[in-house]
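This report refers to the structure that appears directly beneath it.
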Amino acid sequence: MSSITLAPGLVYHPDYLDRSAQEGLLEALRGITRAAPLYTPRMPRTGKPFSVRMTNCGRLGWVSDVQGYRYQPTHPETGEPWPAMPDRVLRAWEELSGYSHPPDACLINFYEPKARMGMHQDKDEEAFDAPVVSLSLGDTALFRYGGLDRSDPTKSVRLRSGDAIVFGGPARLIHHGIDRLIPETSDLLPQGGRLNLTLRRVEKPL
Ligand code: MD3
Ligand code: FE
């Protein structure tokens with residue numbers, strides 16, 4: 001398995017999932033979204049809707065509404081517990097994270113062709129010693145990342161279907177976002193668009 005270190009703590013694994021693994025994971029995600037439907041998160045305070053729709057699997061899920069950002073054990077609309085993480089997702093964490101405890105949260109982001117995600121830091125977790133592992137499925141995304149300071153220079157990488165990328169150590173708190181999708185770059189999702197899974201350890205291990 002090839003991997004490329006893009007910056008200290010930032011490791012890119014192109015083609016981590018082969019086509020049959022991508023299809024298997026997509027099937028598992030269809031089951032998850034039947035039990036825990038994609039919902040439209042809203043910005044804290046303003047209530048402005050995100051262009052990305054979201055759901056989660058695992059013990060904790062990241063949610064955003066007018067009240068704020070947080071992790072919670074239930075779906076914000078159905079009130080049900082989040083579905084379990086698929087085995088292939090747990091295996092990706094074991095193979096890529098280098099962290100000795102399992103993930104407790106997996107955020108699933110769904111991008112329609114015009115969706116984007118502005119530059120931000122992920123800092124709603126307690127365990128900053130754990131990396132974040134991202135898996136991409138579907139159309140290629142232009143991913144942008146910078147540094148710890150909002151004004152640090154940025155670089156872009158194209159994240160393709162099956163790619164994994166890991167942010168740990170000094171890269172754990174960098175600014176990052178998705179500028180846009182590149183249309184018709186994958187036939188995995190019949191209607192186009194992109195799914196991204198972010199695997200995390202939110203709570204500190206005992
Ligand atoms: C760098 N998602 O859900 S994945 C997010 O493609 C998020 O949906 C994007 O940013 C997406 O928070 C980017 C790559 C990623 C994920 C988590 C990170 C990069 C990260 C956490 C810390 C630093
Ligand atoms: Fe993020």
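- Taken from CG in Leu159 to CG in Asp139, the straight-line distance is 12.5 Å, to the nearest 0.5 Å.
- Contact check for Arg180 versus Arg116: no side-chain heavy atoms found under the 4.5 Å cut-off.
- A donor-acceptor distance shorter than 3.5 angstrom exists from the side chain of Asp104 to the backbone of Val202, with no hydrogens or angles considered.
- Here the CD-CZ distance, from Gln22 to Arg88, works out to 10.5 Å after rounding to the nearest 0.5 Å.
- Between Arg19 and Asp187 there is a salt bridge, since a side-chain N of the basic residue sits under 4.0 Å from a carboxylate O of the acidic one.
- Here the CG atom belonging to Leu29 is positioned 9.5 Å from the CG atom belonging to Leu189, to the nearest 0.5 angstrom.
- In the hydrophobic clustering, where aliphatic and aromatic side chains (Ile, Leu, Val, Met, Phe, Trp, Tyr) are joined below 4.5 Å either directly or transitively, Ile182 groups with Leu142.
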Quiz item: Would Cys57 and Ile108 satisfy side-chain contact (heavy atoms from CB on, under 4.5 Å), going step by step from the backbone distance to the final call?
Solution: CA-CA 8 Å; Cys57 57; Ile108 300 163; 4.1 Å; yes
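- There is a path of hydrophobic side-chain contacts, each under 4.5 Å, that joins Ile165 to Tyr111.
- Between the side chains of Ser136 and Arg160, not a single donor N or O lies within less than 3.5 Å of an accepting N or O.
- Between the CD1 atom of Ile32 and the CE atom of Met85 there is a distance of 9.5 Å, given to the nearest 0.5 Å.
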Exercise. Quick one: do Asn196 and Ser134 satisfy side-chain hydrogen bond (donor to acceptor under 3.5 Å, both in side chains)? Show the steps, please.
Key: CA-CA 7 Å; Asn196 181 78; Ser134 148; 2.9 Å; yes
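- Sorted by first and then second residue, the side chain to side chain donor-acceptor pair (under 3.5 Å) pairs involving residues 49-61 (not counting sequence neighbours) are Arg59-Glu203.
- If you take CD on Glu112 and CZ on Arg194, they are separated by 14.0 Å, rounding to the nearest 0.5 Å.
- Residues Trp62 and Met54 share a closest heavy-atom pair of CZ3-SD, 3.7 Å.
- Taking the six-membered ring for Trp and thresholds of 30 and 60 degrees, His13 and Tyr16 have ring planes more than 60 degrees apart, a perpendicular arrangement.
- Following chains of ILVMFWY side-chain contacts shorter than 4.5 Å, one can reach Leu96 starting from Leu17, so the two form part of one hydrophobic cluster.
- The CG atom of Leu26 sits 9.0 Å away from the OG1 atom of Thr33 when rounded to the nearest 0.5 Å.
- Shown here for Leu199 and Val89, the closest heavy-atom pair between the two residues is CD2-O, 3.3 Å.
- Within a 6.0 Å radius of CG in Asp129, more than 12 heavy atoms belonging to other residues, nucleotides or ligands are found.
- One N or O on the side chain of Gln121 and one on the backbone of Leu173 form a donor-acceptor pair closer than 3.5 Å.
- At least one side-chain heavy atom of Leu90 sits less than 4.5 Å from a side-chain heavy atom of Pro103.
- Judged by distance alone, with hydrogens and angles left aside, the side-chain atoms of Arg42 form a donor-acceptor pair with the main-chain N or O of Gly47 at under 3.5 Å.
- For the pair Phe143 and Gly177, the tightest heavy-atom approach, listed with the atom from each and the gap, is CD1-O, 3.4 Å.
- Here the side chains of Pro131 and Ser97 are in contact, with some heavy-atom distance below 4.5 Å.
- No salt bridge links Arg91 with Glu94; every basic N to acidic carboxylate O contact stays at or beyond 4.0 Å.
- Taking each heavy atom of Leu188 and Gly138 in turn, the nearest pair found is CD2-N, 3.9 Å.
- Cation-pi geometry between Arg172 and Phe167 is not met at under 6.0 angstrom from the ring centre and within 45 degrees of the axis.
- Ion pairing between Asp179 and Arg144 holds under the 4.0 Å rule for side-chain N and carboxylate O.
- Ser64 has its side chain within reach of Pro44: a pair of non-hydrogen atoms, C-beta onward, lies under 4.5 Å apart.
- Summarising the local packing, CZ of Arg158 is surrounded by 12 or fewer heavy atoms from other residues, nucleotides or ligands at distances under 6.0 Å.
- Evaluated for a side-chain contact (heavy atoms from CB on, under 4.5 Å) with Asn109, the options Leu197, Leu195, Ile178, Val52 yield exactly one hit, Val52.
- If you chain together hydrophobic residues whose side chains sit under 4.5 Å apart, Tyr145 and Leu181 fall into the same group.
- Tyr71 approaches Ala105 most closely through the heavy-atom pair CE2-CB, 3.9 Å.
- A 4.5 Å side-chain heavy-atom check between Glu125 and Arg201 finds every atom pair outside the cut-off.
- Looking only at distances, a side-chain donor or acceptor of Asp18 sits under 3.5 Å from a matching main-chain atom of Ala21.
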What donor-acceptor contacts under 3.5 angstrom involve side-chain atoms of residues 2-12, with partners at least two apart or in another chain?
residue	atom	partner	partner atom	Å
Tyr12	OH	Asp163	OD2	2.7

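- For the 3.5 Å distance criterion, the side chains of Arg200 and Thr198 qualify, holding a donor opposite an acceptor.
- Met119 and Met117 sit in two unconnected hydrophobic clusters of ILVMFWY residues. Membership requires side-chain heavy atoms under 4.5 Å apart, directly or through other members.
- Connection of Met43 to Phe110 is not established within any shared hydrophobic cluster, with ILVMFWY side chains joined at heavy-atom distances below 4.5 Å, either directly or through further cluster members.
- Ring pair His176/His120: centre-to-centre distance below 6.0 Å.
- Closest heavy-atom contact between Trp82 and Ala36: CE3-CB, 4.2 Å.
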